[in-house]
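The next block holds one structure in the form of structure tokens; read it before the comments.
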Amino acid sequence: MSKKEVDFEKELEKLARQSNINIRKSEYAFENQIKKLDEDIDNLAKNKIKEFDKNKQLASDYLNIDYRDGTIERYREKLKKI
């Protein structure tokens, strides 16, 4: 082997090693972004479920209003007068 071939092979190995390192860094960065997106999606889903539960509770509270409340009776009387 001549000296140029050895230098060429070393340079090729160096580039291959650097390429492998860059590929792994890119893979890790991509995986981390995917994990972050999954966490964000999970958090948003949990928040939507909580909001739905709150809205459901408000609707059930509204439906459970006692219609014999004093203020409601007064409004009914006023409406009857009109």
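Owing to the predicted nature of the structure, the values given are computational and were not obtained by experimental measurement.
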How does the hydrophobic cluster around L12 look, that is, which other residues are in it when side-chain heavy atoms under 4.5 Å mark a link? none
Separation between NZ (K35) and CZ (F30), nearest 0.5 Å, reads 12.5 Å
To the closest 0.5 Å, what do you measure between CG (D38) and NZ (K36)? 12.5 Å
In Å and rounded to the nearest 0.5 Å, what is the CD to CD1 distance from E51 to I49? 11.0 Å
How far does OH of Y28 sit from CD of Q33, to the nearest 0.5 angstrom? 15.5 Å
Working to the nearest 0.5 angstrom, can you tell me the gap between K50 NZ and K54 NZ? 8.0 Å
Residue pair K14, R17: steps toward the side chain to side chain contact (heavy atoms under 4.5 Å, CB included) verdict: CA-CA 5 Å; K14 181 180 173 184; R17 185 174 44 242; 4.1 Å; yes
